[in-house]
Amino acid sequence: MSGYTLTYKGHAPVGLADGAALRPDLLGELDRKSLERAVGEHFDIAGDQGNCLTVRNLPVLSRLGAQMQRGMLVVEGNVGTDLGASMAGGLIRVIGSAGDRVGGPDRGCDRGMTGGEIVVQGDGGDYAGLVQAAGLIVIGGKAGRSPGYRMLAGTIVICRGPLDQPGLEMRRGTVICIDRQTQMALGPGFSENGTFDQLQVVRLVLRRVVALGVNIENGAMGGRFVHYSGDRFELNKGELLQWVC
Amino acid sequence: MLLHGTVIEDEFAEAFRMWASRLVVTAVDASWVGIAARQVCGYGTSVIGCDAEVGLEHMLEPAQTPDGRPGAAVLLFAFKAESLSKAIVNRTGQCLMTCPTTAVYDGMPDVIEDDDMARIDLGKTLRFFGDGHQRSKVVAGRRYWRVPVMDGEFVVEETVGAVKAIGGGNLLVSGKDQQVTLTAAGRAVAAMAPLPDVVTPFPGGIARSGSKVGSRYKGMFASTNDQYCPTLRSVSDTRLPDGVGCVYEIVVNGLSEQAITAALRAGIESACGNNIVSVSAGNYGGNLGKFHFKLHKVMQGSVPTA
């Protein structure tokens, strides 16, 4: 996948209020001169026009990929809060950890991400997938408090626990934990349905996670998962799945 | 033209425009995949009397299926996209949703709506079996419906692609007797089986009741092809060469002319041999079907032998 690589020069730490402008669908389609006019003050530019935008050496910025529509944003390093806020499409890959509200709502929006995929290879902060309406969030490490809080739909995959009240007040959607050893502190609105193997939806999601370049433990793909429904204080159409064996 | 002592007649197979879809069916193991595939292919020989012509294209390894389980690719053909849609929904609902552990996916995910292609609602229709408990999940841009069933969930893709295709490519294998002709026809079907984009929808890929258009009886659209029936040799306008005691037809449906041509050629090359008097093809004078597969042209490149 072709595109520009932007390396932050690092001498103007106050030059960027947040990372919302660093989007492949905004910058990737600019010609080189236009891109230099737009961000040349802060970034060294390499590569060519394309639908992939790679950013390096950034300070920890919030709102990276906010309201992104398409393309692929690769961030090398840690990112701040509101990664992919209200994004509608495309792929964000963070080679590092992320702050709170991954895939949550952007300023002025009442919904989190409505499409696309976010892969955080490290840890995620609190409330990943806050009011998420669609799309896939993969947290390669641990998640903070209540991933999937007030989730509307979509999927969150968390590779390491513990999980603190996942899916609290969710209406629909799926939170999958593939850490067998972990403890999951459930909210009161969740009930266990039993342990199941051969849940094809888990296979479909985890195969996608692997295709996105995330390593998952052997056995998770065809493993047995505990299935919980909730949150019964909301629509009760959400689900939590935890790999057990 | 002669091949291995068998005459390849200067005839053509007359084939028709059809619509086709490919379903990818998965299950917990190869045994249940086979059961599911047999069920969905059942009563799917000819649109003369069936809702669709259906055949197993090939079995799939776990790595080739969306959910990583063993699977099968099944091709379904009908004259119109609307009738294909109805057949796919009914067959999936009755033959696959009922079958333990199965899931059904679109085998043509790149197909988009245009003049030559269509999207058929599948899970979008079948989801209502869930009686309000159904849920959907979008993974990598494809929407799957999850219908709760008594062994867990039946996962079915929301829509499946359909493309314009060709039905009715055929070979007529004529031999000395039933045993030798059946063996030769079986060789031909086996040679076609590994080829992509084609199916042979009749039992074992072989039809014994080849038909002609029309009948002396009202309401019959097709009737026995008496010119090829050996027991009518002396009472009909027979087209059987001397020494022929049996004829089998192999009908080939495919997604393209190239795919059918390759299948016919593989079939002819395998069928020819000792005690196989001739290989011919069925047609209606060229007036009914848009596609004419001339056997000599199909065999171009094959060295004629005495």
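In this text the structure is predicted, and so the values were computed from the model without any measurement. To find a chain, count down the sequence lines: A is the first, B the second, and so on, and within it residues start at 1.
Counting non-hydrogen atoms of other residues, nucleotides and ligands closer than 6.0 Å to CD of A/Glu217 gives a total above 12. Counted within 6.0 Å of CZ on B/Phe129, heavy atoms from surrounding residues, nucleotides or ligands total 12 or fewer; the atom is thus considered open. Summarising the local packing, CZ of A/Arg224 is surrounded by more than 12 heavy atoms from other residues, nucleotides or ligands at distances under 6.0 Å. In B/Lys164, the NZ atom is crowded: over 12 heavy atoms of neighbouring residues, nucleotides or ligands sit closer than 6.0 Å. No more than 12 heavy-atom neighbours from other residues, nucleotides or ligands sit within 6.0 angstrom of CZ on A/Arg145. Residue-environment remark: CG (B/Asp29) exceeds the threshold of 12 foreign heavy atoms within 6.0 Å.
With a 4.5 Å cut-off on non-hydrogen atoms, B/Phe154 does not touch chain A at all. Contact of A/Leu204 with chain B is made through backbone and side chain together, with heavy-atom distances under 4.5 Å. Heavy atoms of B/Thr101 lying under 4.5 Å from chain A belong exclusively to its backbone.
Within residues 40-70 of chain B, the residues approaching chain A closer than 4.5 Å by heavy atoms are, in numerical order, B/Pro62, B/Ala63, B/Thr65, B/Pro66, B/Asp67, B/Gly68, B/Arg69.
Comparing A/Leu136, A/Thr174, A/Leu91 by heavy-atom pairs within less than 4.5 Å of chain B, the highest count is held by A/Thr174. Highest contact tally toward chain A, considering only B/Ser136, B/Gly152, B/Ala140, is held by B/Ala140 [criterion: heavy-atom pairs under 4.5 Å]. Your options are A/Arg208, A/Glu239, A/Arg207, and the one with the most heavy-atom pairs under 4.5 Å with chain B is A/Arg207.
Of all non-hydrogen atoms in B/Arg135 and A/Lys237, the two that sit nearest each other are NH1-O, 3.3 Å.
For B/Lys137 (side chain) and A/Val202 (main-chain N/O), no donor-acceptor pair under 3.5 Å exists by modelled atom type.
Side-chain contact between A/Gln200 and B/Thr102 is absent, with no heavy-atom pair separated by less than 4.5 Å.
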